[in-house]
Amino acid sequence: MTQVWRRELERLRSTPRLWWLLVFIPVLVALTLWLTFSARVPQNLPVALLDFDQTSDSRQLQRAFAATPGMALVSVEPDLGKAAAAVRRGDVHAVLVIPKGFARDLRLGAQPRIQVYVNRQASTTGNVVLSNVIMTTVTAGFGADLAMGILPAALVDTRPLFNPGLDFSRFLALPLTVAVLHVLMVVVVIDVTGRELREGTAGQWLASANGRTGLALLAKLLPYFAWFCVFGGLILWVMVQSLSVEIRGNALYWLFGWACLVAACFGLGVFLTALFANLRLATSVASVLVSPAFAYSGMTFPTVAMSGFAAFWSMVLPLGHFLHFQTGQLAMGMSVQASLWHLVCLLLFAMLPILTLRRWQRLLSDQTLWGET
Amino acid sequence: MMTFFSAMGDELSSAVRDKAVVVVMVGGSIFYALFYPLPYQPQVADNLPIAVVDHDRTALSRQLTRKISATQAVNVVISGSDLRLVQQKVKDGKLSGYVEIPARLHAQILRGEPVRVEVFGNAAYMVLYSEIAGAVSKAVLSLNAEIIEQRLLAAGRSPTLAENLPEPIGLDQHDLYNPDGGYANYIVPAVLVLILQQTFLIGICMMQVGRPALPKGVEGISKLAGRGAAYLLLQTIILLVYLLMVYRVFHFPHLGTTGMALLTLFPGFLAMIFLGLTLGAFFQTRETALQVMMLVSIPALFLAGFAWPAEVIPWPLDILGWLLPSTAGINAFISVHHLGASLSEIRWMWLTLWGLAALYALTALLARRQGSAVAKARI
């Protein structure tokens, strides 16, 4: 084993590309994603307000809209056409219209109607603006009723569980970092194993392990596995701390889950290299499996709403299993029993290379299989 | 001119004959475009499983439960009063949330005191929370309006007033461009532009590895332009496949025309292609580009300021994002093809794309002057 390690250390020392992949890129990616979502909540999204009434009542409503955290009112000319152009340019996310006669109708009890035109092409911002607008209108309505001596009968209190501040960075920055790290791990595993085949050094590799295939694979990958468990775990830990997530489950169990994801990615990588015996092709196929994995993970669009093939595929890929496990352990306080099956699925992926041991035996000893580009 | 066309022809034929390049640029770009939208096909998350914990158990509380059940977004799978069991099921992910109806709901309403109904949604998943909170709020508000209307009628107000006063300020919501805020309609068009960028960057970079330096002067420039034109042709064809086939398959609503979409992305394609021709000079082996682009895709999507609003991205990252053709490309494409903007309305984004195209054409020329000498010094 030490012979394999000595050889690997030598290879690592002379390959700056690997240093980038192992050390700098994980940090850069985590930092970029953390900074991108550092605002945590989309705030002060520009919204145009057209007040065709211009009364003290309409201005009071304007102030209520302006006071919501999610949006910032932009003054525009009272012209619907110009406001629509501002939406198309992306200058504002919505247009609010207070109709003429608003104050009069409000006093008469004739239910004046506010119009809101929301750009829902950009769904995240559209939803934030819309919920702010609805909340403000309902609250202003209760206020107007109270002034007329009408008490509300039933009110609703919305309580966000597991994420009281509705912090987007927890459910985006953290899982997206995991997603990129998981792509990276598969890339690295295919790189360090596949390059031996391409450069025709597989024979030396096998020789350094005294001709034992399983040992050659294990010994070569063990240091990388340990590295990603520790360094990747550290990056995620720092991120969790900096996002001040209150851990409701078990932090150690979560880190154990991370090790399971690392193992799953390694298993997938070793499996694919063996299957294609070609560094580039194995990486291409890996890209098909891991690049869209976040879309299938159910972190954004929920898994319960997926159907057909997508619902099936979301249960196959390792990334989704870990992300649900992670959310369960970090945010929700999911019980051990309920989260165990995610880990079982990850470990099944880690077992994949066993299926390819015989093929590895041939790959490492048959020179005609080397040098594929 | 001859150099231009022969370079274009050479590049096209060698790209098409290169299995690895075709697999990524043609196969990959079309495969991802069909594969990526699948999870989002239902567009809106419906029938989310929730529980109603009813501490009141009166006709009124049952009426509220029915109102909640009737909404599209949620599906009441448990209604009872075992709060602990429900909370554990939410923690274990079996339920997306729950509603707690207070004891004495009916009694308090009869006495004219306002009651508060609490709705708890799993906000570790933002979509679950907002769907549940929105649906339950609507149900409670509707109950509220019915009760107030009855009270006003009993107090002798006119039927019109009794109907209007529970909701003294009305709100008419107009969803622009994407009815109901469908998820596939929202994210997929933006991602399609990114897919075009990433797959072509990979393919172009692969082609550049190990190539000799460009000749000096006009000949070098026409040769580079010819190579670029080859990719421009391929990328335009793939975009047409997207607009004419992928859009039909998934029914993405859009207001713009195919011609305008092509015109909008034209400088964007140039920027992507010349960026590829630049980066290609720095990679020593063919798969490095593939490896790097796999890692860049996710950050690039969010830096584009579409899926996550540009207004709240810190400015240094925002600037970094604008160096990627995908940022202006996605925003210009969405504005023109989906929001129906004219080119003059998005002219600064379009000019940005031209600026990037010019910048990367220059860097490609400089990088390619050096040939593989540059490649050996890097990575």
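As a basis for the values below, the full set of heavy atoms in this structure was taken, side chains included, without hydrogen atoms, waters or symmetry mates. So that the names make sense, note that chain A is the first sequence line, chain B the second, and so on, each numbered from 1.
Looking only at atom types and distance, the side chain of B/D92 has a donor-acceptor partner in the side chain of A/S335 under 3.5 Å away. Side-chain N/O atoms of B/Y186 and A/T124 include a donor and acceptor closer than 3.5 Å. Under the 3.5 Å distance criterion, with hydrogens and angles disregarded, a donor-acceptor pair is assigned to the side chains of A/H93 and B/E311. Checking B/Y36 against A/S291 by side-chain atom types alone, no donor-acceptor pair falls below 3.5 Å.
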Intermediate values then yes/no, side-chain contact (heavy atoms from CB on, under 4.5 Å), A/R120 and B/N185: CA-CA 9 Å; A/R120 301 205 73 186; B/N185 298 342; over 6 Å; no
side-chain contact (heavy atoms from CB on, under 4.5 Å) between B/L171 and A/R113, worked out
CA-CA 5 Å; B/L171 180 68; A/R113 301 193 74 84; 5.6 Å; no
task = Take B/S297 and A/F294, measure what side-chain contact (heavy atoms from CB on, under 4.5 Å) needs, and give me the verdict at the end.
result = CA-CA 11 Å; B/S297 298; A/F294 189 77; over 6 Å; no
| Do B/V140 and A/L155 pass the side-chain contact (heavy atoms from CB on, under 4.5 Å) test, and can you show the C-alpha distance, the side-chain angles, and the key distance before you say yes or no? | CA-CA 7 Å; B/V140 175; A/L155 299 162; over 6 Å; no
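A heavy-atom distance below 4.5 Å is found between the side chains of B/M294 and A/V187. Inter-residue side-chain proximity for A/Q121 and B/I334 is flagged as met; some heavy-atom pair is nearer than 4.5 Å. A/W313 has its side chain out of reach of B/P39: every pair of non-hydrogen atoms, C-beta onward, lies at least 4.5 Å apart. In this structure the side chain of B/S130 never reaches within 4.5 angstrom of the side chain of A/S131, judged on heavy atoms. For the pair A/T125 and B/W308, the minimum side-chain heavy-atom distance is 4.5 Å or more. Side-chain contact between B/D172 and A/V116 is absent, with no heavy-atom pair separated by less than 4.5 Å. In this structure, B/L165 and A/M148 have side chains that are in contact, with non-hydrogen atoms separated by less than 4.5 Å.
Annotation: maximal heavy-atom pairing with chain A below 4.5 Å, among B/Q173, B/R116, B/H338, B/M126, occurs at B/M126. Among A/A311, A/G298, A/A295, A/A305, the residue with the largest count of heavy-atom pairs under 4.5 Å with chain B is A/A295. The candidate from B/V44, B/V23, B/V292 with the greatest count of non-hydrogen atom pairs under 4.5 Å with chain A is B/V44. With chain A as partner, the option from B/N122, B/V296, B/N331 having the largest number of non-hydrogen pairs under 4.5 angstrom is B/N122. Counting heavy-atom pairs closer than 4.5 Å to chain B, the top-ranked of the candidates A/I150, A/V133, A/L33, A/T177 is A/I150. Your options are B/L295, B/L320, B/L303, B/V127, and the one with the most heavy-atom pairs under 4.5 Å with chain A is B/L295. The choice from B/D46, B/V312, B/N178, B/V115 that makes the most heavy-atom pairs within less than 4.5 Å of chain A is B/V115. In terms of non-hydrogen atom pairs under 4.5 Å with chain A, the most contact-rich of B/S335, B/A310, B/A124, B/G340 is B/A124.
Looking only at distances, no side-chain donor or acceptor of A/Q115 sits under 3.5 Å from a matching main-chain atom of B/H174. Counting only distance, with no hydrogens or angles, the side chain of A/D157 and the backbone of B/E118 share no donor-acceptor pair below 3.5 Å.
In this structure, the portion of A/L45 lying under 4.5 Å from any heavy atom of chain B is its side chain and not its backbone. If you measure heavy-atom distances from B/L141 to chain A, the contacts under 4.5 Å come from the side chain alone. With a threshold of 4.5 angstrom between heavy atoms, B/I313 approaches chain A through its backbone and through its side chain. With a threshold of 4.5 angstrom between heavy atoms, A/R195 approaches chain B through side-chain atoms but not through N, CA, C or O. Only the side chain of A/L21 comes within contact range of chain B, judged by heavy atoms closer than 4.5 Å. For B/K19, no part lies near chain A; criterion is any non-hydrogen pair under 4.5 Å. With a threshold of 4.5 angstrom between heavy atoms, B/Q41 does not approach chain A through any atom at all. Using a 4.5 Å cut-off between heavy atoms, A/V186 does not touch chain B at all. Contact annotation for B/I109: only side-chain heavy atoms (C-beta onward) come within less than 4.5 Å of a heavy atom of chain A. Using a 4.5 Å cut-off between heavy atoms, B/I147 touches chain A through its side chain atoms alone. For a residue to count as touching a neighbouring chain, one of its non-hydrogen atoms must lie under 4.5 Å from one of that chain's; by this rule B/R151 touches chain A with the side chain only. Looking at B/E113, only its backbone comes within 4.5 Å of chain A, counting heavy atoms on both sides. With a threshold of 4.5 angstrom between heavy atoms, B/Y98 approaches chain A through side-chain atoms but not through N, CA, C or O. Using a 4.5 Å cut-off between heavy atoms, B/D175 contacts chain A through both its backbone and its side chain. Heavy-atom distances place the side chain of B/Y183, and not its backbone, under 4.5 Å from chain A. With a threshold of 4.5 angstrom between heavy atoms, B/P189 approaches chain A through side-chain atoms but not through N, CA, C or O. Interface remark: A/W19 contributes no atoms to any contact with chain B (heavy atom separation under 4.5 Å). Looking at B/M349, the atoms closer than 4.5 Å to chain A (heavy atoms on both sides) all sit in the side chain, from C-beta outward. Only the backbone of A/L108 comes within contact range of chain B, with at least one heavy atom under 4.5 Å from a heavy atom of that chain. Within the 4.5 angstrom heavy-atom criterion, atoms from both the backbone and the side chain of A/A85 approach chain B. Interface remark: A/F102 contributes side-chain atoms only to the contact with chain B (heavy atom separation under 4.5 Å). Heavy-atom distances place both the backbone and the side chain of A/L166 under 4.5 Å from chain B. Contacts of B/F302 with chain A are made by both backbone and side-chain atoms, with heavy-atom separations under 4.5 Å.
With rounding to the nearest 0.5 Å, the separation of CD in A/Q111 from CG in B/L161 is 11.0 Å. Summarising the geometry, atom CD belonging to B/Q291 is positioned 9.5 Å from atom CG belonging to A/L184; distances are rounded to the nearest 0.5 Å. Between the CZ atom in A/R89 and the CH2 atom in B/W348 there is a gap of 10.5 Å [rounded to 0.5 Å]. The line from CG of A/L151 to CG of B/N144 is 10.5 Å long, rounded to the nearest 0.5 Å. Going from atom CD1 of B/I169 over to atom CZ of A/F142 covers 11.5 Å, rounded to the nearest 0.5 Å. In this structure, OG1 in A/T300 is found 7.5 Å from CD1 in B/I187, a value given to the nearest 0.5 Å.
B/Y125 has its ring centre no less than 6.0 Å from the ring centre of A/F162. Checked against a 6.0 Å centroid threshold, the rings of B/F35 and A/Y296 count as neighbours.
Of the charged side-chain nitrogens involved, none lies within less than 4.0 Å of a carboxylate oxygen, so that A/R280 and B/E287 do not count as a salt-bridged pair. Using a 4.0 Å cut-off between charged nitrogen and carboxylate oxygen, A/R88 and B/E345 count as a salt-bridge pair.
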